[in-house]
Every structure is written in C-alpha cells, then in structure tokens.
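Taking it in order: structure first as structure tokens, then the write-up.
Indexing begins at 1, ligand by ligand and atom by atom, following the structure's order.
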Amino acid sequence: MSSIIQLLPDHVANQIAAGEVVQRPASVVKELLENAVDAKATDIKLIIKDAGKSLVQVIDNGVGMTVTDARLCFARHATSKIRQAEDLFSLGTKGFRGEALASIAAIAHMEMKTKQDQDELGTHIVIEGSKFVSQEVAVLPKGTSFAVKNLFFNIPARRNFLKSDTVEFRHVMDEFQRVALAHPNIHFSFYHNGSELYNLPAAGYRQRIVGIMSGKTNEKLVPVSEETEIINVQGFVCKPEFAKKNRGEQFFFVNDRFIKSGYLHHAVMAAYDGLLKDGSQPSYFLYLQVPPNTIDINIHPTKTEIKFDDEQALYAILRASIKHSLGQFNVAPVLDFDRDANLDTPYHYKDVEAETPTIQVDGTFNPFTDDKTNQHYAKSSSGGSYSSGSSSSSGSSYSGSSYSGYSKRVEPTASWESLYVGLDTENPETIESSPFTFENEEVTSSLFNDDEIEQSTQKTYQIHKKYIVSPIKSGMVIVDQQRAHQRILYEQFLLNMTVNQASSQQLLFPLDLFYSATEMKLIEELKPSLETTGFVFDESKTDHIVVSGIPVNITESEVSLVIEQLLSDLQDGIPASSYSQNDTIAKSMAKSLAVKTGSYLTEKEQDNLVNGLFACKDPNISPFQKPTFITMRVEDIDKKFAL
Ligand code: ADP
Ligand code: MG
C-alpha cells in the first residue's frame, strides 16, 4: 500500500493555527496592539469598522521593520522577541510565539506598511489568505500600520459564528481598555465607524484609569503601593461605598500584561472583608511587577493566565497592602488594622503561612469510615457513613489536609493543589502554588502507623519524575505518582458528588465554551452531576455553555480539558444509574487533573502525595485498577544483597 501521510501545506497549517489565535475581531485587535507596544511605539491608533468585522487597523510610530523582516513577519514561528527557550524566563515583550501575523494573514485580507527611522523608504505588502499579493517600496512615515479586512473571508463557518456587532464591539473594547490601561505612557486613540471613542494622552496610571472609565472615577480611587523583594504592587482600588453590582472594572496587570486570576481576586476580596455590601464588587486596577523568571505566561494561547512561583506570598502581600490602603485613607471606619510586622519585607514563607487563616484538622478523621463492605458511595450518600464528613465540627478534615483562604464553606479536599505547599523559590520547575496548606503531616494512614514512618528531615525522594520513594520501618514504599494522585482526586470528587456539594471558585470572567449539538446534549445531561463537583453554569446557549464557577481544585485553563476528556469518556453514552454516572465523571476528572508521570514534585509535594494516598479509602489501586504503590521489605533488599 502506498504511504498516506503528507505534510500540510503552510497555508493550511496557518489556517488551522489561526483557530487558536484568532477567535474574533477582538483577538486581532489584541495582537496588533501588543505588537505595536512591543515595537516601542509612543502613539498607537486603533481604527475599526463594523465592530472589527470589516476592518481592524492599528497604526503605530514604533521601530518599524526592514524589508526582509516585513516579509518574514508573516511566516509562522517568526519572531524577533525570543531566540531560545530560556528567553521565555526573562520575557519583556507581549508577543513571543511568532504566530499572530501568520495566523491573521491566513484568514483575512491584510495590508502592511512599515518603515524604520533610518530608512528612506518603507515597505508596503498586501497578503490575502497567506498569499502574497503585492510588495512595493513606498514613501511612509516611521512606524507600522496593519490593516486587517474581511476577517474569516475564507472560513464562512467561522464568519457566521461571529456574534452581533454589539457583542463583538464589547470584546474589542475590552481588549483596547486592557492594553491602554497597561500602558499609560503611550498615547492611544480609538475610532469606530469614523467616530473617535477615546483619545488618551500619555499620562500616569490614575489619569489613564480615569480616562478609560469615566470622570467620576477619580474620587473613588484609593492608591495602593507596596514594594517588596518579590513583588511591587502599584495601582488603585475603589472605596468600598462605590462597589458595584458587577465585576466589570477589575483589572490585574502583571509586568504590564493584563491577566486573569481568581486567586489574586480572592486576595483583593479578602482585603475588603467586612467592608462590602453583600455581593457587591469593588473596582480595582492593580499593577504588579515581578521578576520575569518567577512567572510562566506560556500556559495559554491567549496568555491571560499566568503561573506564579510564589502565589501564597503574593496573596498575602496583595491583601495586606490593599488592607493597608483602605485603612490609611480612612475609608474603613472600623478596620482591624493590625499590620503584621511579618508582612513587611522580606516576606518569608513561614510568615506568610502564619498569616493565613487556618483550620483545625482532625487527623484521625477518615471520611470513608470503617465500613469496608460498602463499596458504593452513592448508596451511602443518603445519610449513612459519609455524613459524618459533612457534619464533623470543622467540616474540613480529609486526608489530613486542610485548606483555607479560598472557599466560604470549607469542604473536605485532597486536591492536587493541596500537594503544593511551601513552594521552593529556588526551583523554577515548581508548578503551581495554592492557598491550601497541609497542617498535619502525621496523617493517619491505613497502611502505616505514625510511629512507623521514620523520623528524618527528608522522608521522600522522587525518582525519574515518576515514583516517590519513602522509607518505612519495615523497608520502603514506592509510589507511582500519577496513579496515586488519580486515586486521591477520584475519591475526593466522589465524596464531593455524593455527600456534599463541593465549593467552587467564581470566575472573574465567565468562560464561553463551544460544542457541537451532540456534545451540548451530553453536557446538558451531565450538568447536575458536574455542579456537584463545583462547576457553576450560567444558562447555556444552543452552541455553547457559560461556565461561571469551577471546582476549587482545578484552574481555569484546565476547564476545557476536563470537559473534553469527559465528553470523550462518555462517547458511548451516559451510564444509567447515578452511581455509575458519578463514578465515570470522577474517574474522568481524576484522569485529566492528576499530576502526570514526568512532572517534577517538590519534597513537600511528594510528602503530601504519599500522605494523601494513604489517607484514601482504597490506596492500593488507581481508579483504573492499577497498583498505586509497592513495598519492599528490608528482608527483600537483604536477599538481593545476599546473591
Ligand atoms: P510575536 O509578536 O509573537 O513575535 P507576531 O506574529 O505578532 O509574533 O509578529 C512577528 C514579528 O513581526 C514580531 O516579532 C516583530 O518583529 C514584527 N512586528 C510585528 N508587528 C510589528 C510592529 N507593529 N512594528 C514592528 N515590528 C513588528
Ligand atoms: Mg505579536
């Protein structure tokens, strides 16, 4: 038989890649504005027509491009911003993927004019659906202009998929505001269908915020300013009495990049604790600067999410500095303004932990009780063995872990996040921090007695980023990290689903996730079960769901992954009984969320993983019936040496 695999032609590959980068006119606006900022422009003009559907144009006075670069910038993975992978850790630019222009050019009619200061003449290029139509020398001012017309002209399905002008315009406006707020030192103007919407001269933060929001904003703002070794926080929060019903005016910028973070949002809300009327939302405009090597912005194609090395410390600093401002400006009449000396620089983890509210843990509590014969969680949910979990005095104990700071109602958890504790700053591989803190290391395990675990400073070792080895009195235990974590998550999800509704974290911006009609039908059927895991859905449309809350132990970027995994696991239909339905969902979510083989775990994470596993009801096997650990007795080892 002849071979059937072929490399896709570039224009097809670009068109496919475009699907990720360009969802709507606002995506084009974002990419072009960011390119202009990266080009060190001091004046940027945005012109759109029909909410960007017929035209998005960005004109800048930045550095421009040489003739060669002008041609090359449309190639995929063509970027002047990074040269090697390490550069990702010292990123000072918005762009770095080198995909935007290639993607946009694949699905629109594009015209570019560019000239560098030192050149006499500039370059004028027309490119349509990845095909160069013309390239000419032209008399041009310094800088670059990109005009993008007829978006999705060659993908009618995508074009039809665009929302009304009102909706698309709102998205464009959001992107414009984010970039303009992030860069007050740049003059921005914005025109829609010929009329000027904004003309924002270069200014400071306060003036820019007022320019974007409205004149009245000024009196509502309270400055926030805190400089520490690991983060510099500047910006403004609004006085509590001006808090709004909606969350429209809440902005975080990290190193001049707009980001979304439910976690940092929570820190702000914690600072307002007791000052807000029920459900009202303070506006905030917070500019955080952190060393580029302590964040990872490379986890999402649209780059609005970020991973911090040091999330717990940031949380504490942010909360403390906002609390401080609200107190200092006397906006909080009775504020317990006990500024902890530990929270002044330098910030240490221990101090931070001490600041975090904690919950007492009943280390001996096991939500899965002794009732070994009862294999069916669902059956017992009617009030039998597990109800002790929800009614235990603190309601917080499970697998020896406790967490705090996130949810109002504290639920049992053995989440993956709870594995991350006391992050090691020296270790850039550390994946993610969390507000969850293990307090009680002497977890009662069904396998070992406390006194069986040998006392030494380091109790676990990771080998091959796959197994965790830990000495026990009788020898050693070797744990498969992925399977162990699947087990922990699986039991946790099942427990939440069958016993008590899990708490959820509200998303700052609800997620729109699009699915086919068949998938939508499946999702509708699954909704009630998903809600018990902590998902919150706003009313769904025919082609997409709106997710406004997610379980505390998953991150926003994992949501679509989890749902896609679920849909694929349920291809053969949804099981009839609610027990097997819950079981399938818990398995599927455990599968997508568990730490994978190949992930580095810090010592603390390893420790928590091992403790979490042995606090499980069924620590021996993964949800997919594979062994999670093996033990080796000293005698076994002795035998090997005797050979
Ligand atoms: P990225 O921004 O990730 O590098 P893009 O596809 O957005 O990728 O842009 C590719 C390259 O084109 C950039 O790295 C930059 O060198 C150049 N470029 C794009 N826009 C501009 C601009 N407005 N002014 C000068 N150079 C630009
Ligand atoms: Mg770019």
Side-chain angles (χ1 to χ4, degrees), residues 10-11 13-23 25-47 56-85 87-88 90-108 110-119 122-127 130 132 135 138 140-148 151 175-176 178-179 182-183 186-189 255-258 292 297-304:
D10 266 359
H11 70 276
N14 284 340
Q15 202 165 321
I16 293 170
E20 271 182 40
V21 182
V22 188
Q23 278 102 39
S27 328
V28 176
V29 168
K30 174 179 194 280
E31 296 296 338
L32 296 184
L33 287 179
E34 290 190 347
N35 279 347
V37 171
D38 284 345
K40 303 192 173 55
T42 56
D43 192 338
I44 300 175
K45 191 182 276 185
L46 169 64
I47 300 166
V56 173
Q57 183 169 17
V58 171
I59 305 170
D60 71 55
N61 66 348
V63 294
M65 282 176 263
T66 63
V67 188
T68 321
D69 284 352
R71 182 92 183 188
L72 203 58
C73 73
F74 295 105
R76 198 136 62 95
H77 306 307
T79 180
S80 55
K81 299 169 192 174
I82 58 171
R83 303 217 168 266
Q84 50 200 19
D87 295 346
L88 284 171
S90 55
L91 213 57
T93 53
K94 311 269 139 204
F96 57 86
R97 297 168 153 262
E99 298 184 310
L101 295 179
S103 299
I104 299 167
I107 46 142
M110 205 165 179
E111 188 176 357
M112 179 186 72
K113 295 173 180 166
T114 188
K115 187 184 90 77
Q116 297 206 308
D117 205 14
Q118 66 274 20
D119 294 339
T123 311
H124 178 184
I125 285 179
V126 177
I127 179 168
S130 296
F132 285 95
Q135 175 168 351
L140 298 167
K142 172 203 173 197
T144 305
S145 158
F146 278 103
V148 177
L151 195 63
E175 295 297 351
F176 174 79
R178 291 167 187 177
V179 179
H183 299 278
I186 299 175
H187 176 192
F188 281 96
S189 47
N255 298 355
D256 303 333
R257 184 193 295 277
F258 169 81
I297 48 177
N298 197 15
I299 59 170
H300 196 274
T302 55
K303 297 172 289 203
T304 51

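A pairwise comparison of heavy atoms in Asn61 and Lys142 identifies O-NZ, 3.4 Å as the closest pair. Annotation for Val22 and Ser103: closest pair CG2-CB, 4.4 Å, computed over non-hydrogen atoms. In this structure, Ala105 and Ile127 approach most closely via the heavy-atom pair CB-CD1, 3.9 Å. Taking all atoms of both residues into account, the shortest heavy-atom contact from Ala26 to Glu175 is O-CG, 3.5 Å. Contact between Ala108 and Val148 at its shortest, heavy atoms only, is CB-CG1, 3.6 Å.
If you look at Leu101 next to ligand 1, the close heavy atoms, those under 4.0 Å, come from the backbone and the side chain alike. Residue contacts with ligand 1 for Ala39 involve side-chain atoms from C-beta outward but no N, CA, C or O (heavy atoms, distance under 4.0 Å). Contacts between Asp60 and ligand 1, counted as non-hydrogen atom pairs separated by less than 4.0 Å, involve the side chain only.
Residue-ligand proximity, Ala100 to ligand 1, at heavy-atom distances under 4.0 Å covers atoms 6 (O), 7 (O).
For the residue pair Gln116 and Thr66, no side-chain donor N or O sits within less than 3.5 Å of a side-chain acceptor on the partner.
A heavy-atom separation below 4.0 Å is found between Phe146 and ligand 1. Contact annotation: Gly62 has no heavy atom less than 4.0 Å from any atom of ligand 1. For Met65, the closest heavy-atom approach to ligand 1 falls below 4.0 Å.
Distance check for Asn35 against the Mg ion (ligand 2): an N/O/S atom falls below 2.8 Å.
To the nearest 0.5 Å, the span separating NZ on Lys113 from OG1 on Thr144 amounts to 12.0 Å.
Backbone and side-chain nitrogen or oxygen atoms of Asp38 are examined, and none is located within less than 3.5 angstrom of a nitrogen or oxygen of ligand 1. Annotation: Glu31 places no N or O atom under 3.5 Å from an N or O atom of ligand 1; distance criterion only.
Nearest-residue assignment for atom 1 (P) of ligand 1 (options Gly98, Ala75, Ser80; heavy-atom criterion): Gly98.
Using a 4.5 Å heavy-atom threshold, the side chains of Arg178 and Leu33 count as separate.
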